[in-house]
Amino acid sequence: MYRSHNCGELRSSDITKEVTLSGWVQVSREFGGLTFVDLRDRYGITQLVFNMEDNEALCTQARSLGREFVIKIVGTVRERSNKNPNRPTGDIEIEVSALEILNPSKVPPFTIEEESDGGDELRMQYRYLDLRRGPLQRNIKFRSKLALETRKYLDSQDFIEVETPFLIKSTPEGARDFVVPSRMNEGQFYALPQSPQTFKQILMVGGIDKYFQIVKCFRDEDLRADRQPEFTQIDCEMSYITRDQILATFEGLTVHLFKELKGIELAPFPHMSYDEALERYGSDKPDLRFDMEFIYLNEQMQGHGFNVFDGAETVVGIVAKGIADSYSNKDMKGLTEWMQRPQIGAKGLVYVKYQGDGSIKSTVGKFYSDDVLSTIGTQIGAEKGDVLFVLSGEEEKTRKQLNELRLEMGRRLDLIKEGDFKPLWVIDFPLLEWDEVSERFHAMHHPFTSPKKEDVERMLTGDHATMKALRADAYDLVINGSEIGGGSIRIHDRELQQRNFDLLGFTKEEAQAQFGFLMDAFEYGAPPHGGIAFGFDRLAAVLNGQSSIRDFIAFPKNNQGRDMMIDAPSPIDEEQLKELSISLNIQE
Ligand code: ASP
């Protein structure tokens with residue numbers, strides 16, 4: 001037997017018991033004739049003690065143990081003289097009578113503690129060591145529980161879990177496909193699903209009615225810290241359903257998960273249209289944990305001789321509270337430069353300081369008298385001590401830039417309370433986006449999304465300008481500025497789906513070749529349907545107030561899409577290439 005107990009469970013009530021424990025050596029310390037070893041497993045850490053006077057051979061053996069050795073011990077639980085209140089097992093220790101080394105360990109390349117000294121790449125290369133650390137142990141366990149609670153809730157709502165295939169044809173979600181060559185079909189390729197979108201719709205035609213799956217999706221896109229080429233979704237679809245019923249069902253799921261996993265009761269989620277979100281926050285995923293709403297200033301600030309504003313489509317600002325006196329010229333210069341970085345690309349940053357002593361200081365004082373600025377201050381509710389920041393330019397771009405400034409000021413002013421969660425449904429997205437470069441429409445959500453009922457007729461018959469104004473029956477769940485999920489009511493008739501493909505620039509033949517199966521299915525009694533998918537990794541991170549999804553994935557990839565541990569992707573043999581009828585033509 002390797003263990004009678006685990007390393008996290010012994011307490012004072014176990015004193016005098018003889019126990020067997022197995023685990024990893026976290027640290028060992030010598031203290032006079034005593035040797036203390038912290039023994040760790042998934043459940044916790046228990047202190048072992050060896051006494052040179054009692055058993056010299058055993059104590060000498062204990063002194064030879066290195067970090068991460070795997071050992072088994074037999075011993076007696078006793079009260080600890082020097083208790084550790086920070087550890088659940090901190091009242092006891094084990095007086096060891098037998099020690100067996102099950103497996104020695106090389107010195108690990110980084111410390112296996114709550115905080116590690118290893119860099120990201122190194123920890124990914126030795127993921128099995130990183131996984132032993134407390135934070136990852138907790139995250140992986142959390143993830144398992146999250147999946148379990150998701151299944152419980154969806155089961156209670158009559159959903160059926162169905163697996164859909166991985167070797168398929170392209171399902172466009174706006175990224176590139178990963179492709180897999182087929183040996184048996186020379187020169188042909190499968191695509192890995194960017195999502196199970198078309199299959200779940202086919203399941204609705206197949207009468208499954210309520211489907212879900214916790215499923216891997218694959219998207220070949222440029223990676224950021226919160227993106228992975230393969231990631232997991234909670235994917236769902238329902239038949240005979242309205243948008244509001246879908247939102248209610250998945251609000252229910254979210255509420256259930258927050259309650260079961262974090263003990264947090266979420267208030268009902270507000271709904272906000274895409275247009276309103278952009279107007280008020282400059283983002284379709286606004287962080288509602290703090291206010292700082294946009295204030296439009298065209299009326300107040302144009303016509304005063306300041307050319308930059310006068311010629312701008314939009315003049316818009318935000319008020320940052322209480323920093324007028326503490327932000328020096330140098331701070332302001334730093335902030336302006338931050339806004340001018342290519343990632344944001346603002347030309348400049350105008351500010352008006354409503355200083356504590358009642359005076360006003362502004363970068364545009366030449367054009368606006370104190371009286372004018374003071375009137376503006378009153379109109380927008382700026383008080384002594386506040387700063388009004390103003391940007392101007394083309395509407396869409398300016399709003400985006402101001403969104404960045406808003407988020408940055410939220411962080412700098414500590415407006416975001418830890419443990420605060422502000423979910424929101426963003427609804428009524430545009431159906432199509434016009435891309436100036438390719439001179440094409442793109443589906444804002446995906447090509448299977450239905451326009452809103454009142455827009456169907458216009459979509460079938462309208463001109464180019466009409467298409468830009470079409471609204472989709474699409475929605476996103478946003479929590480604390482992160483997009484947690486999105487979905488839509490789908491098109492379920494052939495004519496409308498065909499029209500959508502036309503608008504997206506598919507020829508009839510292309511649409512038929514790629515999605516004929518779906519449009520064919522629509523002709524055999526497809527019920528009205530809709531659905532949604534949540535980003536599972538992202539949800540796990542957000543529930544824990546963290547931004548990186550990597551820490552919630554057992555084996556993540558780095559920013560180049562590489563698995564550092566197994567060193568993939570990698571070249572394959574000549575033989576294998578031949579079998580697949582693939583010849584490489586790589587130019588150095
Ligand atoms: N397939 C969509 C996605 O992956 C979600 C949905 O529309 O249900 O984003």
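Order of appearance sets the numbers: ligands from 1, and atoms from 1 within every ligand.
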Subject >> side chain to side chain donor-acceptor pair (under 3.5 Å) assessment of R133 paired with N139 >> reply: CA-CA 10 Å; R133 293 172 50 235; N139 290 355; over 6 Å; no
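- Of the N or O atoms in Q194, none lie within a sub-3.5 Å distance of an N or O in ligand 1.
- For ligand 1 and G487, the ligand atoms under 4.0 Å from any heavy atom of the residue are 6 (C), 7 (O).
- Listed by number with element, the atoms of ligand 1 under 4.0 angstrom from any heavy atom of I532 are 8 (O).
- A salt bridge does not link E313 with K397: none of the charged nitrogens is closer than 4.0 Å to a carboxylate oxygen.
- Ring orientation note: the planes of F515 and F501 are close to parallel, at an angle under 30° on the 30°/60° scale.
- At least one N/O-N/O distance between E173 and ligand 1 falls below 3.5 Å.
- Close approach of ligand 1 to A533 is summarised as follows: ligand atoms under 4.0 Å from at least one heavy atom of the residue are 5 (C), 8 (O).
- At a heavy-atom distance under 4.0 Å, only side-chain atoms of S195, from C-beta outward, approach ligand 1.
- For ligand 1, the atoms lying closer than 4.0 Å to a non-hydrogen atom of K200 are 6 (C), 8 (O).
- With hydrogens and angles disregarded, a donor-acceptor distance shorter than 3.5 Å links the side chain of Q213 to the backbone of T164.
- For ligand 1, the atoms closer than 4.0 angstrom to any heavy atom of G486 are 5 (C), 6 (C), 8 (O).
- In terms of polar-atom proximity, R219 is counted as a contact of ligand 1, with an N or O under 3.5 Å from an N or O of the ligand.
- Surrounding CD of E523 are more than 12 heavy atoms belonging to other residues, nucleotides or ligands, all under 6.0 Å away.
- Of the polar atoms of E237, none of the N or O atoms is found under 3.5 Å from an N or O of ligand 1, judged by distance alone.
- Residue-ligand proximity, H445 to ligand 1, at heavy-atom distances under 4.0 Å covers atoms 6 (C), 7 (O).
- Looking at R490 against ligand 1, only its side chain comes within 4.0 Å, counting heavy atoms.
- Salt bridge present: E237 and R490 bring a charged side-chain N and a carboxylate O closer than 4.0 Å.
- Counting heavy atoms of neighbouring residues, nucleotides and ligands inside a 6.0 Å radius, atom CD of E510 exceeds 12 of them.
- Here T449 contributes atom OG1 and L432 contributes atom CG; the two are 10.0 Å apart, rounded to the nearest 0.5 Å.
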